[in-house]
Amino acid sequence: MSQTFPAVLIERDETTKTQSVRLSEITLDDLMAGDVTVRVRHTTMNYKDALAITGASPVVRRFPMVPGIDFAGEVVTSDNPGFVAGDAVILNGWGVGEVHMGGYARFARVRGDWLLKQPAGLSGRDCMAIGTAGYTAALCVQRLMALGAKPEAGTVLVTGASGGVGSFAVTLLSALGYRVAASTGRPGEAGYLKALGAAEIIDRAEFAARGRPLGKERFAAAVDSVGGQALATVLGQMAYGGVVAACGLAESFELPTSVMPFILRGVTLAGVDSVMAPRPLREAAWALLAERLDRAALDRITGQTSLDQVTDVAPQLLAGKVRGRLVIDID
Ligand code: NDP
């Protein structure tokens with residue numbers, strides 16, 4: 001009989017169409033197919049994990065499910081030629097925590113081609129403090145750079161700035177020499193955002209009203225993790241030739257905009273996805289983080305929670321009450 005180990009389990013009652021979440025005990029036999037088994041040491045809570053745990057959005061598409069779209073740990077057994085026992089590895093996305101059992105457990109079994117070697121210069125805990133949120137911020141910043149956004153072109157706006165993606169976007173852009181404006185609904189976090197490198201704090205209420213299709217040209221580039229009216233307003237305030245990297249929907253998945261920013265100012269709206277991002281993009285994003293992320297900023301951004309607290313913390317995260325990022329250590 002296999003030994004049991006702790007795991008958060010999301011189960012669904014098909015009769016009542018409701019889900020329940022509990023800290024349970026499972027065995028290696030309960031894990032899904034894969035060619036690499038990993039002893040998970042750290043995981044994290046992302047916006048999507050909070051959606052999975054609360055059931056606020058149907059991100060879990062297989063039950064029972066172990067949530068956790070990110071994890072870091074070491075390989076225990078491998079039938080994959082790319083990995084041997086003892087390798088330090090990380091995983092972000094690929095449907096893990098949605099359709100394949102994820103990181104909120106002592107062990108995970110996954111496909112080796114979903115794993116990356118732990119980036120040099122970052123610990124497993126650092127990687128989970130960064131997590132999908134930080135790695136997505138890096139993808140957004142690289143997208144802006146690939147589309148020609150230069151520090152001398154003007155201010156870069158970051159929306160949802162006190163959240164996970166936003167915090168990393170602020171600190172990375174600042175480290176790369178951009179002047180950063182941080183949009184937040186939490187004026188009390190101005191000190192935190194300035195310490196991460198924001199030059200200017202903007203009340204997100206400024207982007208809340210549906211205004212004219214084009215406004216004053218304020219920003220050369222933007223990283224947006226909120227979508228909705230905020231993104232629509234920001235598009236109308238981009239300077240000529242401006243670029244927006246859009247990755248999130250913390251406000252809304254809708255986008256009530258017009259074609260005016262695109263056809264009169266040549267604005268580019270670039271979508272960023274982390275879940276299925278190809279390996280070279282992932283490796284480049286993690287290399288940027290390992291090289292340019294300010295370690296003092298990483299400490300400021302990082303908080304802590306635990307497997308037995310995730311059901312309490314998830315609704316707070318969705319309500320925009322969590323600052324930065326939360327790491328979960330796995331015993
Ligand atoms: P967080 O909850 O940590 O941050 C979201 C932030 O958005 C909040 O902290 C808050 O910032 C702001 N916000 C919350 N509610 C609203 C609202 N109603 N209107 C405007 N702003 C709001 O989440 P993450 O940073 O982890 O993720 C942000 C978004 O990015 C999510 O939608 C997530 O699903 C998405 N995402 C997408 C990825 C992809 O692959 N495309 C990968 C990772 C995340 P403040 O208080 O400072 O205003």
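Residue numbers run from 1 in the order of the sequence given. Just follow the structure's listing: the first ligand is 1, and inside any ligand the first atom is 1.
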Colleague: Could you tell me the residue and atom name of the protein heavy atom closest to atom 4 (O) of ligand 1, and the distance to it rounded to 0.1 Å?
Modeller: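 It is G163 CA, 3.2 Å.
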Colleague: I'd like to check the side chain to side chain donor-acceptor pair (under 3.5 Å) partners of N46; sequence neighbours left out, ordered by chain and number.
Modeller: D49, D70, R325
Colleague: Just checking, any donor-acceptor pair under 3.5 angstrom between side chains of Q237 and T233?
Modeller: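 Absent: no donor and acceptor within the cut-off.
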Colleague: Is there side-chain contact between V244 and M238, with heavy atoms separated by less than 4.5 Å?
Modeller: yes
Colleague: Do T136 and ligand 1 have an N or O pair less than 3.5 Å apart?
Modeller: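 No - when backbone and side-chain N and O of T136 are compared with those of ligand 1, no distance drops under 3.5 Å.
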Colleague: With only distance considered, is V322 within less than 3.5 Å of ligand 1 through an N or O on each side?
Modeller: no
Colleague: If the cut-off is 4.0 Å to any non-hydrogen atom of T132, which atoms of ligand 1 fall inside it?
Modeller: 42 (C), 43 (C)
Colleague: Taking 4.0 angstrom as the limit and counting only heavy atoms of L249, give me the atoms of ligand 1 inside it, by number and element.
Modeller: 32 (O)
Colleague: Should the pair R22-E11 be classified as a salt bridge under the 4.0 Å nitrogen-to-oxygen rule?
Modeller: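 Salt bridge: yes.
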Colleague: Which heavy atom of S225 sits nearest a heavy atom of T159, and at what distance?
Modeller: N-OG1, 3.2 Å
Colleague: Could you verify whether a donor N or O on one side chain and an acceptor N or O on the other, from S167 and Y192, lie under 3.5 Å apart?
Modeller: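 Indeed, the side chains of S167 and Y192 share at least one donor-acceptor pair under 3.5 Å.
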Colleague: Using a strict cut-off of 4.0 Å, indicate which atoms of ligand 1 neighbour a heavy atom of S162.
Modeller: 47 (O)
Colleague: Does T184, backbone or side chain, put an N or O under 3.5 Å from an N or O of ligand 1?
Modeller: yes
Colleague: Against heavy atoms of G160, which atoms of ligand 1 measure under 4.0 Å?
Modeller: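 Result: 6 (C), 7 (O), 11 (O), 12 (C), 47 (O).
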Colleague: Does R282 make a cation-pi contact with Y135, if we ask for NZ or CZ under 6.0 Å from the ring centre and within 45° of the axis?
Modeller: no
Colleague: Evaluate the criterion salt bridge (charged side-chain N to carboxylate O under 4.0 Å, His left out) for residue pair R218 and E206; output intermediate values, then yes/no.
Modeller: CA-CA 12 Å; R218 295 174 78 185; E206 281 191 34; 3.1 Å; yes
Colleague: Is there a polar contact, in the sense of an N or O pair closer than 3.5 Å, between G185 and ligand 1?
Modeller: yes
Colleague: Considering only protein heavy atoms, which is closest to atom 34 (O) of ligand 1, and at what distance to one decimal place?
Modeller: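 Answer for atom 34 (O) of ligand 1: Y47 CD2, 3.3 Å.
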Colleague: In the protein, which heavy atom is nearest to atom 29 (C) of ligand 1, and how far is it?
Modeller: S225 O, 3.3 Å
Colleague: Under a 4.0 angstrom heavy-atom cut-off, which atoms of ligand 1 come close to S274?
Modeller: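 By the 4.0 Å cutoff, the relevant atoms are 39 (C), 40 (O), 42 (C).
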Colleague: Using the ring pair (Phe, Tyr, Trp, His ring centres under 6.0 Å) criterion, which residues pair with F83? Sequence neighbours excluded.
Modeller: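 By the ring pair (Phe, Tyr, Trp, His ring centres under 6.0 Å) rule, F83 matches no residue at all.
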Colleague: Can you find a side-chain donor-acceptor pair between S162 and E189 that sits under 3.5 Å?
Modeller: no
Colleague: Kindly determine whether E251 and R204 satisfy salt bridge (charged side-chain N to carboxylate O under 4.0 Å, His left out), including the steps that lead there.
Modeller: CA-CA 11 Å; E251 179 191 323; R204 78 179 186 211; over 6 Å; no
Colleague: Please confirm whether R186 comes within less than 3.5 Å of ligand 1 when only nitrogen or oxygen atoms on both sides are compared.
Modeller: yes
Colleague: For D329 and Q304, does a side-chain donor sit closer than 3.5 Å to a side-chain acceptor?
Modeller: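 Q304 and D329 do have a side-chain donor-acceptor pair below 3.5 Å.
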Colleague: Suppose I only count heavy atoms of G248 and a 4.0 Å limit; which atoms of ligand 1 are within that range?
Modeller: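 This gives 29 (C), 30 (O), 32 (O), 35 (C) as the contact atoms.
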Colleague: Can you find a non-hydrogen atom of A161 under 4.0 Å from ligand 1?
Modeller: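 A161: in contact with ligand 1 (<4.0 Å).
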Colleague: What about G164: any of its N or O atoms under 3.5 Å from an N or O on ligand 1?
Modeller: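 Indeed, backbone or side chain, G164 has an N or O that close.
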Colleague: Between G166 and ligand 1, does any nitrogen or oxygen pair lie at a separation below 3.5 Å?
Modeller: no
Colleague: What I want to check is whether the side chains of S306 and D308 have a donor and an acceptor closer together than 3.5 Å.
Modeller: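 The answer is yes; a qualifying pair exists.
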Colleague: Parallel, tilted or perpendicular: which one describes the rings of W94 and W114, with boundaries at 30° and 60°?
Modeller: parallel
Colleague: Measuring from the heavy atoms of R204, does anything fall under 4.0 Å of ligand 1?
Modeller: yes
Colleague: Any heavy atom of L317 closer to ligand 1 than 4.0 angstrom?
Modeller: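 Yes.
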Colleague: Please say whether C247 places an N or O atom under 3.5 Å from an N or O atom belonging to ligand 1.
Modeller: yes
Colleague: In the protein, which heavy atom is nearest to atom 44 (C) of ligand 1, and how far is it?
Modeller: V165 CG2, 3.8 Å
Colleague: Checking a contact table here: which protein heavy atom is nearest atom 15 (N) of ligand 1, and how many Å away?
Modeller: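 So the nearest neighbour among protein heavy atoms is A250 O, 3.6 Å.
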Colleague: With atoms numbered from 1 as shown, which atoms in ligand 1 lie under 4.0 angstrom from a non-hydrogen atom of E251?
Modeller: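 Ligand 1 atoms under the 4.0 Å threshold to E251: 17 (C), 18 (N), 19 (N), 20 (C).
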